[in-house]
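To start, the structure itself, in structure tokens.
Position 1 is the first residue of the sequence; numbering continues from there. Every heavy atom of this structure was used, including side-chain atoms; hydrogens, water molecules and symmetry mates were not.
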Amino acid sequence: MADNVTSLFRSTAAHSPSMAALTREGGDGAGPVDFCIPCNPYFPTPAMFEEMAARLRDIVTYYPSSADTITAELCTLLQLPPQAVAMGNGSTELITWIDHLLVRESLAIPVPTFGRWTDQPMETGKRVDMFPLQESSGFALDLAAYAEFIRARGTRVAVVCNPNNPDGGFLHRHALVQFMDAMADLDLIVVDESFLEFADAEAEPSVVQEAMLRPNVIVLRSLGKNFGLHGIRFGYLVANPALAGRVRSMLPKWNLNSFAEHVVFMLRDHGGEYAQSLQQVRRDRLDMASQLSALPGLTVYPSQGNFLFVRLPVGAEGTVVRDRLLTEHRILVRECGNKIGSSSRFLRLVVRPQVDVRRLVSGLEQVLYGTRRGAAVPEPGAATGYSSGTAAVDRLVGATNGAGVLGLAAQAMSAPAPVPSPVPAASNGSGVPLPAAAQTYPQPVAAPAPAPIPAPAPPHIPTPTPAPLPQPVAAPVPPMAPAAAMPGPTPPGVPARGGLTAAQVRGTNGLTPAPATGWPNAGAWPAAAG
């Protein structure tokens with residue numbers, strides 16, 4: 001691996017270089033151990049890969065069937081009506097069409113989250129109302145507070161990711177149904193369930209069935225993440241037939257490739273292996289959270305995804321940790337400094353088999369502590385400034401003097417208002433102009449926090465006060481009650497060892513978790529609403 005590894009991250013249009021680019025840079029024909037891309041490591045099985053390899057010539061030589069044919073087969077497996085489904089070349093294609101067709105003026109999204117939900121609408125000139133998730137609450141989304149925020153802003157489209165990316169926060173089905181009832185007058189509600197099949201906090205967490213019955217709800221689902229095949233690029237959405245048909249009518253006839261077709265038609269014989277792979281990821285998540293929590297100063301947040309969101313110890317800077325793990329240990333991690341609502345103090349680490357986790361933990365020990373295992377040492381080098389690779393993110397960060405969303409939240413933390421109040425479009429409250437399409441309005445808080453750190457350093461959050469995760473929204477009786485004021489961000493440096501209950505590690509927000517679920521019939525394919 002070349003010494004100038006940071007240049008690979010600065011030059012990419014994505015958050016991280018592709019595995020192909022990293023493999024070429026390594027020079028030995030092998031890529032790093034991938035803790036960056038959230039992909040199921042147990043599926044497809046080796047036998048399935050061998051079958052695909054044997055068919056490779058036919059797969060890449062001939063046109064695929066139409067998208068309707070491939071979608072019909074997928075719907076047979078998932079027990080969904082084809083009229084309610086639109087299948088795309090990855091979830092990002094569907095997000096793009098949702099934005100173009102169904103988002104007229106404004107969209108609300110909790111942050112941090114999947115970057116396309118913030119960037120895509122901004123790139124087409126929409127107003128994006130970003131609702132900052134609070135570290136003091138373990139980044140859990142308070143749906144009642146979110147609903148109040150949407151009302152105060154007059155937002156017309158709301159997005160909820162369940163589980164959320166990058167933190168893995170989970171919302172129970174009854175709370176989401178209550179939210180949909182309360183927001184029934186919006187133009188659109190999108191529930192992004194791209195990682196839901198990795199969750200085990202509830203036996204039937206999906207709102208797919210509700211979406212098919214409502215005029216303004218879309219559920220987005222990923223296949224590449226769940227099936228371990230990001231490179232194929234396929235995903236789908238579920239909505240009432242009129243809404244799904246509107247998106248489907250805009251998709252090219254051959255927007256799905258032959259690899260996607262081959263995999264979808266293979267799946268009918270491999271439901272049992274798929275269910276087992278999900279169960280193994282869930283077990284690995286608990287084991288990985290336990291091992292990482294033992295590292296001094298490292299905080300692990302509750303997750304129901306196939307990844308863990310972690311805060312680095314005091315003195316450690318994410319880009320330095322990322323670069324050293326890659327160059328010294330051949331480990332690729334997702335540093336979250338270029339994710340709106342996060343900072344370079346955070347990493348997202350994908351759940352992987354135990355042998356890989358041991359290698360990650362060993363690498364982190366050497367990078368974070370050196371020979372001083374007992375406490376975190378100062379960062380091994382100065383922070384490296386770089387662009388996010390996404391123009392909309394760079395404009396937002398630049399307009400706030402490098403403070404980003406958390407800097408904006410810190411400036412407004414002393415506001416006494418019980419509900420969020422709009423900030424004028426031309427200012428962030430401190431005289432710094434904001435782009436019209438990139439406004440962020442923080443939640444009200446009880447205590448003041450320090451002003452943001454000037455650029456180029458990532459935003460710093462002050463000293464810790466552990467706080468329990470909030471209970472989920474109560475019984476589904478719309479309209480929803482206004483949320484109480486929430487405390488400010490918890491400062492960094494709280495050691496995770498002994499700081500998380502088993503329920504919190506499982507990401508259940510303190511509720512009694514349901515047993516880890518596979519599918520009752522090991523040979524059958526799981527239904528989409530399972």
Side-chain angles (χ1 to χ4, degrees), residues 9 14-16 34-40 91-92 95 109-120 130-141 159-171 192-196 198-199 220 222 224-226 230 281 285 288-289 292-293 298-312 316 318-319 321-322 325 331-352 360 364 388-390 393 396-397 404-406 409 440 458-459 461 469 489-490 492 496 500 504-507 509:
F9 290 87
H15 58 72
S16 302
D34 181 16
F35 281 92
C36 177
I37 307 301
C39 209
N40 185 344
S91 60
T92 51
I95 291 171
I109 179 70
V111 292
T113 194
F114 179 48
R116 290 314 301 164
W117 282 120
T118 55
D119 303 350
Q120 172 63 41
M130 303 180 203
F131 180 75
L133 299 175
Q134 299 297 318
E135 184 184 344
S136 59
S137 300
F139 296 97
L141 173 59
V159 177
V160 176
C161 296
N162 190 40
N164 189 43
N165 171 13
D167 56 277
F170 177 78
L171 297 163
D192 188 338
E193 294 184 347
S194 291
F195 296 98
L196 191 63
F198 296 108
L220 191 68
S222 172
K225 300 174 182 66
N226 302 334
H230 271 292
V281 170
R285 181 176 62 220
M288 182 172 167
L292 290 172
S293 295
L298 194 77
T299 301
V300 183
Y301 294 93
S303 175
Q304 280 283 290
N306 63 328
F307 46 80
L308 297 170
F309 196 47
V310 304
R311 186 182 62 202
L312 295 170
T319 57
V321 173
R322 175 201 68 194
L325 283 172
I331 294 171
L332 177 65
V333 299
R334 169 64 161 108
E335 180 270 321
C336 294
N338 58 6
K339 185 177 280 290
I340 295 175
S342 180
S343 78
S344 199
R345 287 289 311 284
F346 296 90
L347 303 179
R348 185 193 67 195
L349 302 172
V350 173
V351 173
R352 291 193 60 84
L360 171 68
L364 283 170
S388 71
T390 304
V393 178
L396 178 66
V397 174
V405 171
L406 292 182
T440 303
I461 309 173
L469 295 178
T490 299
L500 291 177
Q504 288 173 329
V505 171
R506 290 178 72 87
N509 292 345

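- Phe35 meets the ring-ring contact (aromatic ring centres under 6.0 Å, His included) test with no other residue; sequence neighbours excluded.
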Exercise for review: For Trp117 and Leu220, run side chain to side chain contact (heavy atoms under 4.5 Å, CB included): C-alpha distance rounded to whole Å, both residues' side-chain angles, the deciding distance at 0.1 Å, then the answer.
Suggested key: CA-CA 12 Å; Trp117 282 120; Leu220 191 68; 3.9 Å; yes
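- When all heavy atoms are compared, the tightest approach of His230 to Cys39 is CD2-SG, 3.3 Å.
- In this structure the side chain of Asn162 reaches within 4.5 angstrom of the side chain of Leu196, judged on heavy atoms.
- Using a 30° and 60° split on the angle between ring planes, Phe139 and Tyr301 fall in the perpendicular class, above 60°.
- Separation of atoms OG (Ser343) and CG (Asn338) is listed at 11.0 Å; rounding is to 0.5 Å.
- With Thr299 contributing its side chain and Val310 its backbone, the two residues share no donor-acceptor pair below 3.5 Å.
- A donor-acceptor pair is defined here as one N or O able to donate and one able to accept, closer than 3.5 Å; no such pair exists between the side chain of Ser137 and the backbone of Ala140.
- For Arg334 (side chain) and Ile37 (main-chain N/O), no donor-acceptor pair under 3.5 Å exists by modelled atom type.
- Although no hydrogens or angles enter the test, the distance criterion places no donor-acceptor pair under 3.5 Å between the side chain of Asn306 and the main chain of Val351.
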Review point. Does the pair Asp34 and Val350 meet the rule for a side chain to side chain contact (heavy atoms under 4.5 Å, CB included), with working shown?
Key: CA-CA 8 Å; Asp34 181 16; Val350 173; 5.7 Å; no
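- Put simply, the side chain of Ser342 never gets that close to the backbone of Lys339: no donor and acceptor are under 3.5 Å apart.
- Residue Leu308 holds its CG atom at 5.0 Å from CE of Met288, rounded to the nearest 0.5 Å.
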Practice item. With side chain to side chain contact (heavy atoms under 4.5 Å, CB included) as the test, would you mind laying out the steps for Leu349 and Leu292 before giving the verdict? Key: CA-CA 10 Å; Leu349 302 172; Leu292 290 172; 3.8 Å; yes
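- Cys161 approaches Thr113 most closely through the heavy-atom pair SG-OG1, 3.4 Å.
- No side-chain donor-acceptor contact under 3.5 Å links Arg116 to the backbone of Ser91.
- Test Val321, Leu347, Leu364 against Val333 for side chain to side chain contact (heavy atoms under 4.5 Å, CB included) and you get one pass: Leu347.
- Here the OG atom belonging to Ser344 is positioned 3.5 Å from the CD atom belonging to Glu335, to the nearest 0.5 angstrom.
- Contact annotation: the side chain of Asn165 never approaches that of Phe309 to less than 4.5 Å [non-hydrogen atoms, C-beta and beyond].
- Between the side chain of Arg348 and the backbone N or O of Asp167 there is no donor-acceptor pair closer than 3.5 Å.
- With hydrogens and angles disregarded, no donor-acceptor distance shorter than 3.5 Å links the side chain of Arg322 to the backbone of Leu332.
- Between the OG atom in Ser194 and the CG atom in Asn226 there is a gap of 8.0 Å [rounded to 0.5 Å].
- Minimum heavy-atom separation, Gly305 to Ser303: N-OG, 3.1 Å.
- For the pair Gln134 (side chain) and Ser136 (backbone), a donor-acceptor distance under 3.5 Å is absent.
- Considering all non-hydrogen atoms of both residues, Pro112 and Gly341 come closest at CD-O, 3.6 Å.
- Listed here is the closest heavy atom pair of Pro110 and Leu133: CB-CD2, 3.8 Å.
- Using a 4.5 Å heavy-atom cutoff, the side chains of Ile109 and Phe131 are not in contact.
- In this structure, Ile340 and Met130 have side chains that are in contact, with non-hydrogen atoms separated by less than 4.5 Å.
- Under the rule for a ring-ring contact (aromatic ring centres under 6.0 Å, His included), the partners of Phe307 that lie at least two apart in sequence or sit in another chain are Phe195.
- Between Pro163 and Gly168 the shortest heavy-atom distance is CB-O, 3.8 Å.
- Residue Leu360 holds its CG atom at 5.5 Å from CD1 of Ile331, rounded to the nearest 0.5 Å.
- Interatomic distance, SG of Cys36 versus CG of Leu325, reported as 12.0 Å (0.5 Å rounding).
- The closest donor-acceptor contact from the side chain of Asn164 to the backbone of Gly169 lies at 3.5 Å or more, if one exists at all.
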